[in-house]
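Read the structure below first, then the notes.
Count residues from 1 along the sequence.
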Amino acid sequence: MLDKISLKMKILILSLGGITIISIFLTIFSYINFSNQEQSVKDKIFFTAITFSDQISDQFYERYGDVKTFSLHFKNFTTNSRETVNYLNSLTKFYGIYDLILVCDLNGHLLSTNDESPEGKKINSEILYKENFSKTAWFKETIAKKYLQDEKKGFTGVNFQDANFDETLEKVFHEKRYGTVFSTLIYNSKGDPIGVISNHARFNWVEDLATRMYENFIQSKIKSLHITLINKEGEIILDYNPYRNNNKKEIIHDEKILNKYNLVKAGQPAAVQANKGEEGVLESLNSRYKIWQIQSYALVKGDKMVDELSWKVLVRIDRDEAYSSIINLKISFIIAFILVFGCSIFLSIFFSKNLANKLIFVAQSLVNGNEKLNKTSNESTKNSETLYSATTRQASSLQQSVTAVNEISAMMNKTAEMAENSRIKANENIQKVNEGKDIINKMVNAIQNIKSRNQDIMDQVIEGNKRISEIVKVISEIENKTKVINEIVFQTKLLSFNASVEAARAGEHGRGFSVVAEEVGNLAQMSGTASKEISTMLENSINKVKNIISQTKANVETIVEQSKKAMAQGEETSVECSNIFEKIYNNSQEVNHIIYEIANSAQEQAKGVEEINHAMHDLDKVTNQNNSIAQKSSQTAKELLTQSYELEQMANNLLLIVLGSNYNIEKISVNNNYNPPSNPPVKKQKENNENLNEFGKKTDIKQSTHTQINSQIKKVQSESEKKIDKVPEKKKVNPTEEVPSFNDPRFEDL
């Protein structure tokens, strides 16, 4: 369901939801704040009630103690005197709250009283002396010791008459006066009661507290303060409400209210709760004025108050006035809230539309760019895979070539070593042939001397036999050396054959080595042919020498007789020997020259093969590096293709989020008012160029290595051709000569 909604609507819904949530939290916070302020107002009103209660307790404590103090002055009192009256006048003036202070005997007769008011005016106190107060409530209760007291708090021996209209004061002042009466017994020095003193106090000792408190509230711009004091029964004994009395601050003693209107019976919630002994604040409807008020109620109690009196204080304020500042704040908050909420909705619509258009443009740009990236990624992936496959095959072929070159290098080194040994042996053969030639020359000279010295022929024949034996040994040694040459020729043929096989395995890369191996095989065949010819000559020479020795031994006794014939034959034989040795010498010279050329050629070939080996190793290293680069390029291209697909999916998802699933992506129109950045980043392009440069350097190294290998192969081929050209034509190997097979027993030693 949510997928079908466009991003603009989602953002708008989200914004409105956020604004609504913030508004709810702000409303709750404001409500809590307003509630705290209202509670603060209630706490202030409750604190006023508690303060008023404490002040009443303080005043009550003083009034309670005053009467006991005054009584001490009259413990030796017997008759009325002016001095006593003046004392009482001074007391009334000093305290200002006592209208009358009466001193009576135990029978109720007045003994003394003040004749001036607290204001210092003369009063008609004479009429009081005619009265008998024995029937008054305060006198009867005092005589009966019916006291308002609490011994634990120090309140003892005083009778208290609750606030009421005092008839005694009315007789003296000719007006109704509202007050309280504190009375106690007068004791003499012996502790016996001798009379009663009664302080008739106006209730202004409480009312003045209320007026001062009202003045404080007036300064706080609260005019509806209503202070009420109720007694134990719930009747009103103080009702101060200037706001309902035309803002007059004077205390009004309404006879219809005071001591007659019972708030508890009237069901006033604050009075009912206070009558239960509770304290607190509540909002309720005033039953008399029919208006909602904040009413705090507290008990007049403490260490300076007798709990039995059980007065309760009610402090009430009209709710509208108490909360006026809070109500103004609420109205201001509501107006500001409506304005901010409306502006927020307008801005949400504006920004959601603007943001959605920008996101549509970005998403469409991603889709278009991703199509090009997909094409490039596919081409790069294919090229990377092709390059990776080619480098892999090249590395495999090159590894085989390196192995073949290593084997050829080893064989060429061994061939060069064997050729060097053959050259040394050939030099030794030449030396021996020279020695044999010298001996033949000496033999020819000896035979020529036989003609002139027949008498010494026997000795010379014996000596000739010895020398011929030495010749036979020399020829035998030559034959042995010839066998070594044959072995070298056999090994050379074997190496040539193995080189041809390995060159065939190498394929195209071993074509040059095949030519070299073939020419080495031809040289070996030529050397073998020459060695066989030398062996045949040596065998013939040995046989002939043996025949000469045998003939010489057989004809020793007849040599003298047949000296001429023998001399002729000996001379003829010596000439033949000389010719044979001359041929042997010439053949040995040619064989030595061929072996020397073979050794030089083998050394040059070994050096060339070694250089080829180094070049092949370099080529193998570069090929492996190219293979690694190609592999990494292939992986990178695949990752790029994967990321391209993911980017395409992300772009499509972004378009679906922006416009919802009900819209066709291909038909999206981009907002032309939004211009994308004109300078795209080039960091990625620089990295790609650097990778291409590095790959080009690797390719240049590879081409350089191939060039070095080709030059080394051409050099070896040219040197081999030069060496081959120096070999006499008649010494070339017969093509029809049998090539040794792998079944030849001579291969077993290898």
Side chain to side chain contact (heavy atoms under 4.5 Å, CB included) between E279 and S53, worked out: CA-CA 11 Å; E279 294 180 332; S53 173; 5.7 Å; no

Is it true that the side chains of [X] and [Y] contain a donor and an acceptor less than 3.5 Å apart?
{"X": "S117", "Y": "E119", "value": "yes"}
{"X": "S224", "Y": "H226", "value": "no"}
{"X": "E126", "Y": "N124", "value": "no"}
{"X": "E283", "Y": "Y323", "value": "yes"}

Atom [atom1] of residue position [X] - does it have more than 12 heavy atoms of other residues, nucleotides or ligands inside 6.0 Å?
{"X": "K122", "atom1": "NZ", "result": "yes"}
{"X": "K68", "atom1": "NZ", "result": "yes"}
{"X": "K248", "atom1": "NZ", "result": "no"}
{"X": "F34", "atom1": "CZ", "result": "yes"}

Can a salt bridge be assigned to the pair [X] and [Y] using a cut-off of 4.0 Å between side-chain N and carboxylate O?
{"X": "R202", "Y": "E207", "result": "no"}
{"X": "D58", "Y": "K304", "result": "yes"}
{"X": "R244", "Y": "D239", "result": "no"}

For the student: nearest non-hydrogen atoms of K249 and T211, plus distance: O-CG2, 4.0 Å

What is the minimum heavy-atom distance between I194 and K75, and which atoms define it? CD1-O, 3.3 Å

Among all residues two or more places apart in sequence or in another chain, which pass the ring pair (Phe, Tyr, Trp, His ring centres under 6.0 Å) test with Y187? none

Between Y147 and F155, is the ring centre distance below 6.0 Å? no

I would like to know whether D307 and K301 meet salt bridge (Lys or Arg N to Asp or Glu O under 4.0 Å); could you show each step before the answer? CA-CA 6 Å; D307 295 338; K301 60 182 180 179; over 6 Å; no

Using atom types as modelled, flag every donor-acceptor pair under 3.5 Å from a side chain in residues 90-97 to any protein atom, sequence neighbours excluded.
{"residue": "S90", "atom": "OG", "partner": "N86", "partner atom": "O", "Å": "3.4"}
{"residue": "S90", "atom": "OG", "partner": "Y87", "partner atom": "O", "Å": "2.5"}
{"residue": "T92", "atom": "OG1", "partner": "L88", "partner atom": "O", "Å": "3.4"}
{"residue": "T92", "atom": "OG1", "partner": "N89", "partner atom": "O", "Å": "2.7"}
{"residue": "K93", "atom": "NZ", "partner": "E116", "partner atom": "OE1", "Å": "2.8"}

Over 60° means perpendicular and under 30° means parallel, so tell me whether W138 and F133 are parallel, tilted or perpendicular. tilted

Once you measure the plane-to-plane angle for Y178 and F203, does it fall in the parallel (<30°), tilted (30-60°) or perpendicular (>60°) bin? perpendicular

Check residues 330-341 and write down every donor-acceptor pair under 3.5 Å in which the side-chain atom is one partner and the other belongs to a residue at least two apart or another chain.
{"residue": "K330", "atom": "NZ", "partner": "E38", "partner atom": "OE2", "Å": "3.2"}
{"residue": "S332", "atom": "OG", "partner": "N328", "partner atom": "O", "Å": "3.0"}

From I294 atom CD1 to D320 atom CG, the distance as rounded to the nearest 0.5 Å: 9.0 Å

